[in-house]
Asker: 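Take a look at the following structure, please.
Residues: numbered from 1 along the sequence shown.
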Amino acid sequence: MVPSYTIFHKDDQTFSSIWTEFSTCFPKFHHSYLQDIEEYGNVKGFLTKENTPPNALSISAVPWVSFSGFNLNINKTSNYLLPIITIDKFFTEEGKTMLPISFQAHHAVCDGYHASIFMHEVQEMADRCQEWLTTDDG
């Protein structure tokens with residue numbers, strides 16, 4: 001899935017939403033992400049990079065605070081069925097960097113079992129992040 005994420009504008013405390021084409025090769029994806037940040041990082045508006053692909057995965061960060069849960073209320077008349085991932089402020093504990101993640105999914109398309117598979121896969125990727133940074137095959 002293609003990640004869609006917000007960019008924070010420090011000068012006026014507003015956000016803009018952009019997306020980056022996904023690649024299983026992390027260095028390639030990271031390069032594309034940096035290019036998108038360069039091109040759209042200072043553009044203000046709600047959806048500043050046009051043509052968001054269908055089924056884009058919403059990823060948001062709230063790095064100013066720590067939390068143990070996060071809930072976004074999507075319009076009840078909407079048929080929005082995609083998951084939303086929110087990360088909060090990272091911290092160090094026992095020499096490890098910890099990054100709490102909130103995963104919100106509509107129960108019509110995902111239950112606890114599937115959510116747990118997703119979270120385990122995220123943890124596996126985090127455990128291997130140094131490999132991802134140094135290889136070309138992601």
Asker: Applying side chain to side chain contact (heavy atoms under 4.5 Å, CB included) between S17 and each of L47, I7, T52, report the one that passes.
Answerer: L47
Asker: According to the interplanar angle, ranging from 0 to 90°, do the rings of F103 and F118 count as parallel (below 30°), tilted (30 to 60°) or perpendicular (above 60°)?
Answerer: parallel
Asker: Test your reading of the model: is there a side-chain donor-acceptor pair from D36 to the backbone of E39, 3.5 Å cut-off?
Answerer: no
Asker: Rounded to the nearest 0.5 Å, what's the gap from CG on L99 to CD1 on I87? Could you check?
Answerer: 5.0 Å
Asker: Minimum heavy-atom separation for K28 to S23, with atom names?
Answerer: CD-OG, 3.6 Å
Asker: I18 and V43: same hydrophobic cluster, using ILVMFWY side-chain contacts below 4.5 Å?
Answerer: no
Asker: Can you tell me if K44 has over 12 outside heavy atoms packed within less than 6.0 Å of its NZ?
Answerer: yes
Asker: Cluster question for you: counting only ILVMFWY and a side-chain heavy-atom cut-off of under 4.5 Å, with indirect links fine, are M98 and I85 together?
Answerer: no
Asker: Is the side chain of H9 donor-acceptor paired with the backbone N or O of D11 at a distance under 3.5 Å, no angle test?
Answerer: no
Asker: Using a 4.5 Å cut-off on heavy atoms from C-beta on, say whether the side chain of S32 contacts that of F22.
Answerer: no
Asker: How far does CE of M1 sit from OG of S58, to the nearest 0.5 angstrom?
Answerer: 8.5 Å
Asker: Quick one: pull up CD1 in I101 and CE in M119 and give me the separation to the nearest 0.5 Å.
Answerer: 5.0 Å
Asker: Can you tell me how far apart CG (L82) and SG (C110) are? Round to the nearest 0.5 Å.
Answerer: 11.5 Å
Asker: Find the distance between OH (Y40) and OG (S16) and round it off to the nearest 0.5 Å.
Answerer: 12.0 Å
Asker: Counting only heavy atoms from other residues, nucleotides and ligands, does the tally under 6.0 Å from NZ of K49 exceed 12?
Answerer: yes
Asker: Near H31 NE2, under 6.0 Å, is it more than 12 heavy atoms from other residues, nucleotides or ligands?
Answerer: no
Asker: Could you check whether T20 and Y5, counting side-chain N and O atoms only, form a donor-acceptor pair closer than 3.5 Å?
Answerer: yes
Asker: Any side-chain to backbone donor/acceptor pair from T48 onto G45? Under 3.5 Å, distance only.
Answerer: no
Asker: W19, Y33: one ILVMFWY side-chain cluster at the under-4.5 Å cut-off?
Answerer: no
Asker: Working to the nearest 0.5 Å, report the span between CZ of F8 and OG1 of T14.
Answerer: 7.5 Å
Asker: Hey, is the main chain of K10 close enough, under 3.5 Å, to the side chain of Q13 for a donor-acceptor pair?
Answerer: yes
Asker: Tell me if the CD atom of E50 is crowded by more than 12 foreign heavy atoms within 6.0 Å.
Answerer: no
Asker: Does a sphere of radius 6.0 Å around CZ in F15 hold more than 12 heavy atoms from other residues, nucleotides or ligands, not counting ones at 6.0 Å or beyond?
Answerer: yes
Asker: For residues V65 and I59: do they belong to one hydrophobic cluster (side chain heavy atoms under 4.5 Å, members Ile, Leu, Val, Met, Phe, Trp, Tyr)?
Answerer: yes
Asker: Any idea how F26 and H30 line up, ring-wise: parallel (<30°), tilted (30 to 60°), or perpendicular (>60°)?
Answerer: parallel
Asker: Does L81 share a hydrophobic cluster with V2, counting links as ILVMFWY side-chain heavy atoms below 4.5 Å and allowing steps through other members?
Answerer: no
